[in-house]
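Report on the following structure.
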Amino acid sequence: MTVSSLSIRFCVSPTISHKTDIHCPSPSLRACCSFSSGSNLDSSENTYQKGSGSSWKRRQALVGVGTLLATSVPATLLLAEEVPKSYSAFVDREDGYSYYYPSDWREFDFRAHDSAFKDRYLQLQNVRVRFIPTEKTDIREVGPMDEVVYDLVKHKFAAPNQVATIYDMKERVEDGRSYYTFEYGLRTPIYATTSFATVAVGNNRYYTLIVGANERRWRKVKKQLQVVADSLKILQI
């Protein structure tokens with residue numbers, strides 16, 4: 001089904017910081033000591049600040065306060081599952097979410113987002129999470145999956161000069177909560193990206209995780225980034 005300029009194809013311990021990284025294969029707990037934004041969001045996903053901005057400077061000033069061994073905190077306070085090999089887990093207990101990211105990625109500041117990590121060499125290869133307030137209690141209350149995904153890609157993610165394509169979408173239910181995950185591409189005459197996005201609602205917040213890469217590298221990194229997209233989990237706060 002083709003709608004407007006958007007083509008849709010279906011293929012198939014409270015004493016530590018509330019933001020922590022769990023690294024593998026030797027798990028450790030790092031106090032990120034970062035501040036949350038939770039502010040309203042820009043509609044375009046293509047603008048970010050690389051290592052700049054007051055929130056980034058505050059984070060950089062505080063990072064390195066110390067490293068705690070994972071054994072000092074019960075594992076159930078962090079993640080129920082074992083973190084996959086070659087991934088680390090980002091856990092934000094105060095803002096109520098967690099996800100995995102490749103262990104060799106580095107934290108950076110992505111404007112209007114609460115957390116973000118990127119490949120150390122390829123800036124378009126990154127993951128970021130943001131949230132906005134909502135009175136909904138589940139993503140299904142926002143609307144059917146195809147309508148929610150179409151609206152996000154066409155009206156929130158795509159800039160006016162970009163052609164957007166939705167390749168696939170799926171729903172998963174975990175602990176009674178629904179998550180919509182979808183694959184989409186954004187193209188301009190100059191460059192193109194492909195991404196996964198996962199959206200969910202909980203804690204009176206609408207969470208969005210986006211992980212993507214340059215279109216030319218997508219086939220090589222798709223499976224790696226799929227793990228990231230499928231790992232978003234809303235934590236009760």
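- Using a 4.5 Å heavy-atom threshold, the side chains of Phe182 and Phe196 count as separate.
- When the salt bridge (Lys or Arg N to Asp or Glu O under 4.0 Å) test is applied to Arg205, the partners found at least two apart in sequence or on another chain are Asp95.
- Side-chain contact between Asp114 and Phe131 is present, with at least one heavy-atom pair separated by less than 4.5 Å.
- The shortest heavy-atom contact between Gly143 and Tyr180 is O-OH, 3.0 Å.
- Here Asn214 pairs with Arg216 under the side-chain hydrogen bond (donor to acceptor under 3.5 Å, both in side chains) rule; sequence neighbours left out.
- Listed by chain and number, the residues in a side-chain hydrogen bond (donor to acceptor under 3.5 Å, both in side chains) with Gln224 amount to none (sequence neighbours excluded).
- The closest donor-acceptor contact from the side chain of Arg172 to the backbone of Asp230 lies under 3.5 Å.
- Across all their heavy atoms, Ala164 and Val153 have their closest contact at CB-CG1, 3.6 Å.
- Shortest non-hydrogen contact noted between Ala200 and Ile139 is CA-CB, 4.2 Å.
- Between the side chain of Arg106 and the backbone N or O of Asp104 there is at least one donor-acceptor pair closer than 3.5 Å.
- Formation of a donor-acceptor pair under 3.5 Å by the Thr198 side chain with backbone atoms of Ala229 is found in this model.
- Take Tyr179 and apply the ring pair (Phe, Tyr, Trp, His ring centres under 6.0 Å) test, not counting sequence neighbours, and it matches no residue.
- Partners of Lys136 according to the salt bridge (Lys or Arg N to Asp or Glu O under 4.0 Å) rule, which considers only residues two or more places apart in sequence or in another chain, do not exist here.
- Two residues are said to be in side-chain contact when any heavy atoms from C-beta on lie closer than 4.5 Å; Tyr97 and Ser115 meet this criterion.
- Residues that satisfy the salt bridge (Lys or Arg N to Asp or Glu O under 4.0 Å) test with Asp119, not counting sequence neighbours, are absent from this structure.
- Looking at residues two or more places apart in sequence or on another chain, you find no side-chain hydrogen bond (donor to acceptor under 3.5 Å, both in side chains) involving Trp105.
- Residues satisfying the salt bridge (Lys or Arg N to Asp or Glu O under 4.0 Å) criterion with Arg120, sequence neighbours excluded, are absent altogether.
- Shown here are the side-chain hydrogen bond (donor to acceptor under 3.5 Å, both in side chains) partners of Thr137, two or more places apart in sequence or in another chain: Glu141.
- Side-chain atoms of Glu147 do not come within 3.5 Å of backbone N or O of Pro144 as any donor-acceptor pair.
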Quick one, Lys118 with Glu107, criterion salt bridge (Lys or Arg N to Asp or Glu O under 4.0 Å). Give me CA distance, side-chain angles, the key distance, then yes/no.
CA-CA 6 Å; Lys118 67 176 179 178; Glu107 186 179 18; over 6 Å; no
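- Judged as a side chain to side chain contact (heavy atoms under 4.5 Å, CB included), and not counting sequence neighbours, the contacts of Ser231 are Tyr99, Tyr100.
- A donor and an acceptor atom, one from each side chain of Ser103 and Ser86, are nowhere located under 3.5 Å apart.
- Contacts of Gln236 classified as side chain to side chain contact (heavy atoms under 4.5 Å, CB included), with partners at least two apart in sequence or in another chain: Arg177, Asn203.
- Aromatic ring centres of Phe117 and Phe90 lie closer together than 6.0 Å.
- Glu215 and Thr193 share no side-chain donor-acceptor pair at under 3.5 Å.
- The side chain to side chain contact (heavy atoms under 4.5 Å, CB included) check on Ala213 picks up Gln125, Trp218, Val221, Leu225, with sequence neighbours excluded.
- A side-chain donor from one of Arg140 and Ser178 sits under 3.5 Å from a side-chain acceptor of the other.
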